[in-house]
2 protein chains.
Amino acid sequence: MTAAFYQNETKFYVAVDCIILGFDQKELNVLLYKRKFEPMMGQWSLMGGFIKAGESIEEAASRVLTDCTGIDNLFMEQVGAYGDITRDLGERVISVAYYSLVNMNDFSSETLEEYNAVWAKVSEVPQLIFDHNQMITDTLARLRRKAATRPVGFNLLPEKFTLPQLQNLYEAIYQTQLDKRNFRKKLNAMDILEKLDEKDKKGSKRGAFYYMFNKEKYDHLLEQGFYFSL
Amino acid sequence: MTAAFYQNETKFYVAVDCIILGFDQKELNVLLYKRKFEPMMGQWSLMGGFIKAGESIEEAASRVLTDCTGIDNLFMEQVGAYGDITRDLGERVISVAYYSLVNMNDFSSETLEEYNAVWAKVSEVPQLIFDHNQMITDTLARLRRKAATRPVGFNLLPEKFTLPQLQNLYEAIYQTQLDKRNFRKKLNAMDILEKLDEKDKKGSKRGAFYYMFNKEKYDHLLEQGFYFSL
DNA sequence: CCAAAAGTGTTCGAACTACACCCATGT
DNA sequence: ACATGGGTGTAGTTCGAACACTTTTGG
């Protein structure tokens, strides 16, 4: 047992909350849960959990993510710590928010029901408990910055996606319209996508070619001082 | 007394650590302290402190900043939460890092001695305790992003500063050389500086004109959709 | 045959880069 | 008089923005 160096100090409950973002071909969505315990039971909230004695913050966030999605190794990044005194109406709780980017197709409606979870368009998020709405706002700001300079957007799409899908995604992230030709020109110049022979026929009669993000190519270009930018 | 909703959960010590950055006409500097208590007493570290029961994280960071600089209302922004299990060698402590941008001239050598504090060039920071070196690294990355799009750099300079000083600052932040004429052209175009009649004669025989950041003008331009960018 | 989305190049202007000389003054 | 840093303008290039028509095919 180590000495109790800090015994005069106060201890706090520390939780993690997860902002799980998905994309449904038109808009960004966030996964919301009906809270299963007091206080505020039955209200909409983000999925969260208390940090346990033996785990780091990252581990806690990763555990919560896996527990409530059934998926491992999701893209995940810290948003920040939230610590207003009265932010939790139960007791004083400090929370560290993490956001994650997922492919909505990986969530069956059974999984969602099992967890009392629903996807909500980020433009139509209801009032959530505590400061969870603020966490979502902060996450979206962070995502906009991040997506502009790092290829994180691909986490929101299936492995195989079409260029119109990709463009819709960036339009959703930036809340703006992009020019089709300029968008494709840029991607073409970056040379980080793999064009497949296969077409997606769901979106149109003509069909759009599938592409895949080529991580090896991207990593290789990075080493040569290349910078992603969209 | 509110009900003890979460009594089965674990509580943690939560601290704040402050990365205080200054600029000395040539390079970014960070304020380091000799730690005054165990464990790791006498080692170099950032200034920090435990969060107390009655204060938010921000309030704690603000208190620590004021306590160890004697200055109120410093520019301050959260860097993130650090929570590896073994990051603190004493006991398990979660820490939230904040960085602050200060004017080094506001620190007398007496103040520094009083606190066992020294300025260290960010390029020559010694080994610090725990994950404090990492916190500084993360802060510098954050500052580079922030300084490019927000006028935060002025916090590192005296109220009155010269254009060569300002340029040196940005060169220090970005670790690159900037072209004098292009730099000035950009600033001129932004029209957020007030040119004074007074000259600073310390840097050269000829002297360089003092300028001030005009916050009113900047705020006004912001409303019109203007974006700062350097 | 037609509606609906996919795909494709060029032109223009703005913004960034590169670059060299004169100025003011303390010593 | 000279060394030192402060101050200024222009030309060339690159990058981003605007823009319209053809193709494919399921219904």
Side-chain angles (χ1 to χ4, degrees), chain A residues 24-27 144 147-149 157-158 160-212 221 225-230, chain B residues 23-27 147-149 157-158 160-172 174-212 221 224-230:
Chain A
D24 67 356
Q25 316 295 319
K26 275 278 140 55
E27 209 171 336
R144 276 190 282 272
T149 55
L157 295 172
K160 299 191 289 187
F161 52 86
T162 66
L163 292 185
Q165 278 175 347
L166 187 62
Q167 180 173 346
N168 287 336
L169 170 60
Y170 275 88
E171 290 179 341
I173 293 176
Y174 299 140
Q175 286 291 294
T176 182
Q177 292 294 106
L178 300 173
D179 182 276
K180 202 166 34 161
R181 285 169 285 191
N182 294 337
F183 183 79
R184 294 163 103 100
K185 208 190 310 168
K186 248 177 161 173
L187 275 162
N188 220 311
M190 279 195 273
D191 188 30
I192 53 173
L193 296 186
E194 209 72 67
K195 183 175 184 173
L196 307 183
D197 285 333
E198 210 176 337
K199 274 188 168 185
D200 168 35
K201 311 280 284 185
K202 283 187 289 292
S204 68
K205 333 261 188 189
R206 181 177 177 178
F209 280 106
Y210 278 122
Y211 287 77
M212 289 177 65
L221 287 170
F226 157 87
Y227 286 101
F228 179 89
S229 158
L230 262 184
Chain B
F23 177 66
D24 67 357
Q25 316 295 320
K26 275 277 142 57
E27 210 172 332
T149 55
L157 295 173
K160 299 191 289 189
F161 53 86
T162 67
L163 292 185
Q165 280 175 346
L166 187 63
Q167 182 174 345
N168 286 336
L169 170 60
Y170 276 89
E171 290 180 340
Y174 299 140
Q175 287 291 294
T176 183
Q177 293 293 108
L178 300 173
D179 181 275
K180 202 164 36 162
R181 284 169 286 191
N182 295 337
F183 183 79
R184 294 163 103 101
K185 207 189 314 168
K186 248 178 160 172
L187 275 163
N188 221 311
M190 279 195 272
D191 188 29
I192 53 174
L193 296 187
E194 209 71 68
K195 184 176 184 172
L196 307 183
D197 285 333
E198 210 177 339
K199 274 188 170 185
D200 168 34
K201 313 279 284 185
K202 284 188 290 290
S204 69
K205 334 261 189 188
R206 180 178 178 178
F209 280 106
Y210 278 121
Y211 287 77
M212 288 178 64
L221 286 169
Q224 303 174 6
F226 157 87
Y227 286 101
F228 179 89
S229 158
L230 262 183

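Proteins come first, then strands; the chains are lettered A, B, ... in the order of their sequence lines, and each starts at number 1. All values below come from the heavy atoms of this structure, side chains included, with hydrogens, waters and symmetry mates left out.
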Exercise. In Å and rounded to the nearest 0.5 Å, what is the OH to CG distance from A:Tyr174 to A:Leu169?
Worked result: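 Here the rounded value is 9.0 Å.
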Exercise. What's the spacing between A:Thr162 OG1 and A:Lys195 NZ if we round to 0.5 Å?
Worked result: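 A:Thr162 OG1 to A:Lys195 NZ: 12.0 Å, rounded to 0.5 Å.
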Nearest-Å distance, [atom1] ([X]) to [atom2] ([N])?
X        : N      : atom1 : atom2 : result
A:Lys201 : C:dG7  : NZ    : P     : 11 Å
A:Tyr210 : C:dG7  : OH    : C1'   : 17 Å
A:Phe209 : C:dT8  : CZ    : C1'   : 13 Å
A:Lys205 : C:dG7  : NZ    : C1'   : 18 Å
A:Leu187 : C:dA6  : CG    : C1'   : 15 Å
A:Phe183 : C:dG9  : CZ    : C1'   : 18 Å
A:Gln167 : C:dG7  : CD    : C1'   : 12 Å
B:Leu178 : C:dA18 : CG    : P     : 11 Å

Exercise. Is the distance from OP1 or OP2 of C:dG7 to the nearest side-chain N or O of A:Arg206 less than 4.0 Å?
Worked result: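 Answer no for this pair, as no side-chain N or O of A:Arg206 is under 4.0 Å from OP1 or OP2.
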Exercise. Has A:Lys180 got a side-chain N or O lying under 4.0 Å from the OP1 or OP2 atom of C:dT8?
Worked result: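 No, outside the criterion.
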For this session: Kindly determine whether A:Asn168 and A:Phe161 satisfy side-chain contact (heavy atoms from CB on, under 4.5 Å), including the steps that lead there.
Result: CA-CA 11 Å; A:Asn168 287 336; A:Phe161 52 86; over 6 Å; no
Exercise. Starting at the 5' end of DNA chain C, which residue's closest nucleotide do you reach first, A:Gln165 or B:Lys199?
Worked result: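 This one resolves to A:Gln165.
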Exercise. Which residue lies toward the 5' end of DNA chain C, A:Ala208 or A:Arg181, if each is placed at its nearest nucleotide?
Worked result: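 Residue closer to the 5' terminus by nearest nucleotide: A:Ala208.
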Exercise. On DNA chain D, which is the earliest and which the latest nucleotide, 5' to 3', with an atom closer than 4.0 Å to a heavy atom of chain A?
Worked result: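 Listing 5' to 3', DNA chain D meets chain A from D:dA17 to D:dG26.
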Problem set entry | Residues that B:Phe209 engages under ring pair (Phe, Tyr, Trp, His ring centres under 6.0 Å), provided they are two or more places apart |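 Counting only residues at least two positions away or on another chain, B:Phe209 forms no ring pair (Phe, Tyr, Trp, His ring centres under 6.0 Å).
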For this session: Would you kindly say whether A:Lys185 and A:Asn188 are connected by a side-chain donor-acceptor distance under 3.5 Å?
Result: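 No, because no side-chain N or O of A:Lys185 sits under 3.5 Å from a partner of the opposite role on A:Asn188.
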Exercise. Got a sec: does the NZ of B:Lys26 have more than 12 other heavy atoms crowding it under 6.0 Å?
Worked result: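 Count not over threshold, so no.
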For this session: Between B:Pro164 and B:Lys185, name the one whose nearest nucleotide on DNA chain D is closer to the 5' end.
Result: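 Taking each residue's closest nucleotide, the earlier one in sequence belongs to B:Pro164.
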